[in-house]
Trainee: 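Pasting a structure here, questions to come.
What's counted below: heavy atoms across the whole structure, side chains too, no hydrogens, waters or symmetry copies.
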Amino acid sequence: MIKIGRERRSELRDDDKIRWNPYYRIVKLTPDEIYITHGLRSVYSFSIVDNKELHVIGKMTDMLQSSVSLKDLVNNLNLSSKHIPYINETIESFYKKGIIVRENECFLPYYQVHYKTLPTLSNANIGLIGAGFIGMRVVQNILSMQVGKSIMIADDRKISNKEIESKNFLFFLMDGACGDRSNYIHILAKYLQRFETLGDKVEIQYFNVLDEQTLKNILRSSDITIIGMERYHPRLFSEINLLAHEEKASILYSFVDGSLGIVGPLVIPGETACYTCMEASLESSMTNPFAFTTFKTFMEKQEEYGENQSLSGIPPLYDIVSGFVVDSFIRFFLSGDSVPIINRALIIDFESLEMDLQDILKIPGCPACSTFGIPQMSPTAL
């Protein structure tokens, strides 16, 4: 059998329709050798040579450009009976490596390039805090990629007609905003009606409040809860962080703050750094920590009094952030603890076009995620 590395998945059946993984580039070099790469400068690149020189690798390359059943593929190779077991093992090896995939697989073959196993994502329960541009894009991709069994979405933000009429508001959402001070949840619900055929298999629940009980219900019911906000909400982020540790619920942070897009950290209570740790890390990395504290206090007051909750960026930048969010939570389901934004945050500077993965160190005495109690002074006799 042609050896091509570690195995990945279950066996194929004769009636399974298969094809090349569309996220690989398959180049036929000779009738007995092919070159496989994931893309330009990819580390996932290698050659496969049939040392038996049966001249079938080249034929397979052509046939698997479109879907074909395993049985028809083997029959059309015109092999002798003694070589059929060998080629079946080879095809199975291609499949387990992720080079060959089933016809009905959607986006998962992309991730099969990187991960050993691909669990069924259709059973995932997903929570989402934020029904604005980031949340909208996240839900849209969840439905189109056929990920998830249920989605619980919560947002209590209002939006004025003045903001709706501005050029900063996506035109295709305007028809979902009716009346002054419309709720983001109502706008998103109306927008998602156009995805009804995709949403038939996914239960979507909407909540237009962000009280403690609603947040707890979402955290308890979800395998992961995504926070996607179009501005910095330190009070809300801290509250969710504390509730997530109380409920032992995984959460993924993302938000835009002016010209910065931040994705992460992905918080797994009891295992990783948390949002409070991230704030400390961001503050310590600034040349003027006082500026961070001042800005945070200002934003907390705006949250408290509901002032100026308008968007802080432009829609195309939210699209970029939401793309990294969707990729990160899918990686979480596929690999668990090897997601790049565990104990790190991806910081995108849209002005300088720079991206940086900033390490988020777990603070030993963190009031939110530390297993140690709050330090106490020994009582002193008076």
Trainee: For Phe237, give me all partners under ring-ring contact (aromatic ring centres under 6.0 Å, His included), at least two apart in sequence or on another chain.
Mentor: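 With sequence neighbours excluded, Phe237 shows a ring-ring contact (aromatic ring centres under 6.0 Å, His included) to Tyr253, Phe255, Tyr275, given in chain and number order.
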
Trainee: What residues, two or more places apart in sequence or in another chain, satisfy side chain to side chain contact (heavy atoms under 4.5 Å, CB included) together with Arg25?
Mentor: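 With neighbours one apart ignored, the set is Thr37.
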
Trainee: For Asp211, which residues count as a side chain to side chain contact (heavy atoms under 4.5 Å, CB included) partner, sequence neighbours excluded?
Mentor: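 Val209, Gln213, Thr214.
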
Trainee: The criterion is side-chain hydrogen bond (donor to acceptor under 3.5 Å, both in side chains); which residues satisfy it with Gln65, sequence neighbours excluded?
Mentor: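 Expected list: none.
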
Trainee: Kindly write out the residues that satisfy side-chain hydrogen bond (donor to acceptor under 3.5 Å, both in side chains) with Thr293, not counting sequence neighbours, or none if the list is empty.
Mentor: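 Thr293 satisfies side-chain hydrogen bond (donor to acceptor under 3.5 Å, both in side chains) with Glu283 once adjacent residues are dropped.
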
Trainee: Please list, chain by chain and in numerical order, all residues satisfying salt bridge (charged side-chain N to carboxylate O under 4.0 Å, His left out) with Glu246, sequence neighbours excluded.
Mentor: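 In terms of salt bridge (charged side-chain N to carboxylate O under 4.0 Å, His left out), with neighbours along the sequence ignored, Glu246 is linked to Lys216.
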
Trainee: Taking only residues two or more places apart in sequence, or in another chain, which ones meet Ser322 in a side chain to side chain contact (heavy atoms under 4.5 Å, CB included)?
Mentor: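 With neighbours one apart ignored, the set is Ile134, Arg137, Val138.
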
Trainee: Kindly write out the residues that satisfy salt bridge (charged side-chain N to carboxylate O under 4.0 Å, His left out) with Asp32, not counting sequence neighbours, or none if the list is empty.
Mentor: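 Scan of Asp32 (salt bridge (charged side-chain N to carboxylate O under 4.0 Å, His left out), adjacent residues dropped) gives none.
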
Trainee: For Thr276, which residues count as a side-chain hydrogen bond (donor to acceptor under 3.5 Å, both in side chains) partner, sequence neighbours excluded?
Mentor: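 Counting only residues at least two positions away or on another chain, Thr276 forms a side-chain hydrogen bond (donor to acceptor under 3.5 Å, both in side chains) with Asn241.
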
Trainee: Mind listing the side-chain donor-acceptor pairs of residues 356-363 below 3.5 Å, one per line with the distance, residues two or more places apart or on another chain?
Mentor:
unit_1: Gln358; atom_1: NE2; unit_2: Ser281; atom_2: OG; d: 3.1
unit_1: Lys362; atom_1: NZ; unit_2: Thr272; atom_2: O; d: 3.2
unit_1: Lys362; atom_1: NZ; unit_2: Cys369; atom_2: O; d: 3.4

Trainee: If hydrophobic residues (ILVMFWY) are linked whenever their side-chain heavy atoms come closer than 4.5 Å, directly or via other members, who joins Leu29 in its cluster?
Mentor: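 Joined to Leu29, directly or through intermediates: Val27, Tyr35.
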
Trainee: Mind checking what makes side-chain hydrogen bond (donor to acceptor under 3.5 Å, both in side chains) contact with Asn76, not counting sequence neighbours?
Mentor: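 Asn76 satisfies side-chain hydrogen bond (donor to acceptor under 3.5 Å, both in side chains) with no residue once adjacent residues are dropped.
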
